[in-house]
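Chain letters run A, B, ... following the sequence lines, proteins first, then strands; residues in each count from 1.
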Amino acid sequence: MNLLTIIGESLRALRTNRLRTGLTMLGMIIGVAAVVLLISIGQGAQSKINQSIATMGSNLFIVLPGATSSGGLSFGSGSVKTLTVGDSEAIAELSLVEATAPVISGTAQLNYGANNWSTTITGTTPDYFNVGNWNIESGTFFSESEMRSAVRVAVLGKETARNLFGQEGATGKIIRVTNRPFLVIGVLEAKGQSLSGRDQDDNVFIPLTTSERQITGNQFPGSIRYMMVQAKSAKTMDEAEAEIVDLLRQRHRITGDMENDFTVRNLAAIADVATGTAKLMSLMLGAIASISLLVGGIGIMNIMLVSVTERTREIGIRMAIGANRRAILTQFLAEAVMICILGGVAGIILGISGAWIVSQLADMLIVITLGMVVLAFAFASAIGIFFGFYPARKAALLKPVEALRYE
Amino acid sequence: MLPVRPSTSSQPLIKIEHLCKSYALDNQANGSLNSQVLFDINIEIGQGEFVAIMGHSGSGKSTLMNILGCLDTPSSGRYWFSGQDVAALSGDALAQIRNRNIGFVFQGFNLLKRMTALDNVATPLLYAGMSRASSRKRALEQLRLTGLTDFSLYQPNQLSGGQQQRVAISRALINQPQLILADEPTGNLDSQTSCEIMALFQQLNREQNITIVLVTHEDDIAAYANRLIRFKDGRVIHDESVT
């Protein structure tokens with residue numbers, strides 16, 4: 001018998017007991033739909049994290065002032081400003097470091113016309129935009145010379161610009177930052193949420209010098225809140241970190257087993273952890289859904305065993321008119337596989353629709369890939385073959401005379 | 001797997017020597033008991049014969065039919081079909097003999113349910129490797145020969161007993177077998193229909209030289225045959241040609 005005939009025969013057999021076929025198939029449909037739905041949710045979460053990581057900039061360290069102690073009294077991390085612009089400039093000279101960006105930050109009230117908005121103000125150097133992987137939407141970043149001469153210019157985050165200006169263009173307008181007039185020279189492209197869930201677009205950037213002298217002020221001139229450091233290559237992150245630590249210990253005169261008064265954080269490592277967690281979650285969701293597929297498969301095996309027993313006489317007749325073992329095996333295997341394939345297709349459609357509904361209702365990012373659909377389909381067929389084989393073999397091994405005599 | 005060649009006139013279609021058949025009965029109290037059904041049977045049937053096998057129920061005639069039809073295997077003794085030793089053949093080779101060389105007609109018709117008469121008749125051709133379209137064409141032709149053209153798309157439960165048996169005979173004939181084994185083919189039919197069916201067998205035997213082995217316990221049915229074999233308690237007690 002050729003394949004088309006076998007498929008035709010098995011479909012006919014499945015049609016004769018529609019309710020039973022439908023219920024058996026339902027196990028498969030639910031299993032496949034669950035796999036598609038849960039994996040697409042998992043992959044959605046994963047790609048959301050990947051997007052956040054992509055906006056972060058590559059090969060980044062963040063260097064923070066660390067805990068210090070003075071005369072037996074310890075101060076919390078960041079309470080003493082141990083890092084300086086000088087540290088930042090020195091680190092930028094290191095062989096494995098591409099660039100650095102020192103940051104002073106605080107909160108500021110911004111006014112434009114009748115609108116006012118309170119946001120984070122970041123005083124930094126022009127390198128910051130490069131290091132942090134920022135793109136300009138309109139206007140320009142501030143320049144090295146504007147930095148040096150402490151000009152009152154500001155670059156707005158997208159969200160800040162929207163709150164102050166609405167639909168109006170912001171570039172070229174004068175805003176007031178804590179009552180001092182600033183010229184808006186640029187608006188940044190939106191980045192969305194950071195890994196920690198902070199809105200990265202609600203921000204205003206001004207030159208470090210301007211900030212220090214006119215806005216945030218500074219207890220200790222030259223000290224900074226933290227700095228971003230970009231390493232030259234992803235491969236030499238660990239070596240670069242060692243260089244930074246050595247240099248800072250030297251500059252801060254920390255010797256022997258004295259504790260560092262600064263902390264170097266590798267953001268790539270943090271990103272790796274986040275990606276790893278998302279992957280694990282994706283895998284776990286898939287595994288849980290696979291269990292329902294397995295249960296569906298057992299249901300198919302159960303029904304096929306009942307069907308073989310019920311149709312013993314039919315098997316006997318078929319053997320009497322010339323069906324060999326392989327023909328009987330193929331017939332019953334084809335029925336199990338057809339249940340799985342039809343159920344698999346329905347399950348994929350249901351799973352994709354479910355994923356779409358979830359993405360609409362819960363405002364979640366859902367990712368459906370062709371590979372995933374193919375995988376679910378292949379898995380369903382494999383389950384059909386695996387669980388259909390035993391009943392089919394049982395049918396094929398019946399003795400013709402006994403099968404014929406079966407009442 | 002060697003296809004069975006049509007027998008030459010010199011060798012019998014069926015040759016059985018010292019054939020015995022016993023079933024192992026599992027009995028908890030007495031261990032395993034053997035129940036012997038056939039004792040030392042020796043029969044030769046030539047191409048073109050029309051043989052009736054008679055005997056009371058339990059005399060072993062159905063068991064012999066199953067062995068002749070390659071549905072069951074003897075416990076001892078030998079069986080040559082068309083000169084081939086059946087014991088030496090694989091399961092697939094036996095299936096092929098059942099498919100190509102033997103046609104079965106049963107008392108209970110044994111048609112496949114929820115399938116049209118046409119598809120029932122065409123199924124052996126599918127197992128022989130023919131495509132669905134050409135098998136249906138051949139089946140339709142066969143149904144025409146047995147006078148069932150109008151009923152080709154009916155399912156077995158929509159047909160009368162006589163019509164069902166004609167469909168079964170069409171199915172048995174579809175691969176042009178040398179042998180038809182009919183196990184009480186008229187057992188479920190009224191006398192009028194029985195006569196029609198027997199006339200059909202007689203016609204097939206005379207016109208197409210098909211060997212027919214028929215099991216029955218009715219004398220008037222057995223009268224259609226040219227040779228009568230009587231069974232009693234698993235032994236042949238009578239074997240004669242009648243005219």
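Here the straight-line distance linking atom CG of Leu94(B) with atom CZ of Arg325(A) works out to 9.5 Å at 0.5 Å rounding. Put simply, CD1 on Ile328(A) and OH on Tyr127(B) are 5.0 Å apart, with the number rounded to the nearest 0.5 Å. From Leu112(B), atom CG reaches atom CZ of Arg318(A) across 5.0 Å, with rounding to the nearest 0.5 Å.
Heavy atoms of Asp119(B) lying under 4.5 Å from chain A belong exclusively to its side chain. If you measure heavy-atom distances from Arg12(A) to chain B, the contacts under 4.5 Å come from the side chain alone. With a 4.5 angstrom heavy-atom cutoff, Leu125(B) does not touch chain A via any of its atoms. Of the two parts of Asn66(B), only the side chain, counted from C-beta on, holds a non-hydrogen atom closer than 4.5 Å to a non-hydrogen atom of chain A.
Residue Arg326(A) qualifies as open at atom CZ: its count of foreign heavy atoms under 6.0 Å is 12 or below. Taking a 6.0 Å sphere around CG of Asn157(B), one finds it holds more than 12 heavy atoms contributed by other residues, nucleotides or ligands. Under a cut-off of 6.0 angstrom, the local environment of CG in Leu361(A) is crowded, with over 12 non-hydrogen atoms contributed by other residues, nucleotides or ligands.
At a heavy-atom cut-off of under 4.5 Å, chain B is reached by Arg313(A), Glu314(A) from residues 306-316 of chain A, listed in order of number. Contact residues of residues 370-405 of chain A toward chain B are Pro400(A), Val401(A), Leu404(A), Arg405(A) (heavy-atom distance under 4.5 Å).
Contact count against chain B (heavy-atom pairs under 4.5 Å) is highest for Gly322(A) among Ala13(A), Gly8(A), Gly322(A). When each of Asp72(B), Leu111(B), Ile102(B), Ile174(B) is scored by its heavy-atom pairs under 4.5 Å with chain A, the top score falls to Asp72(B).
Annotation: side chain of Lys113(B) is not in contact with side chain of Thr16(A) (no heavy-atom distance under 4.5 Å).
Ala323(A) and Ala95(B) get closest at one heavy-atom pair: O-CB, 3.8 Å.
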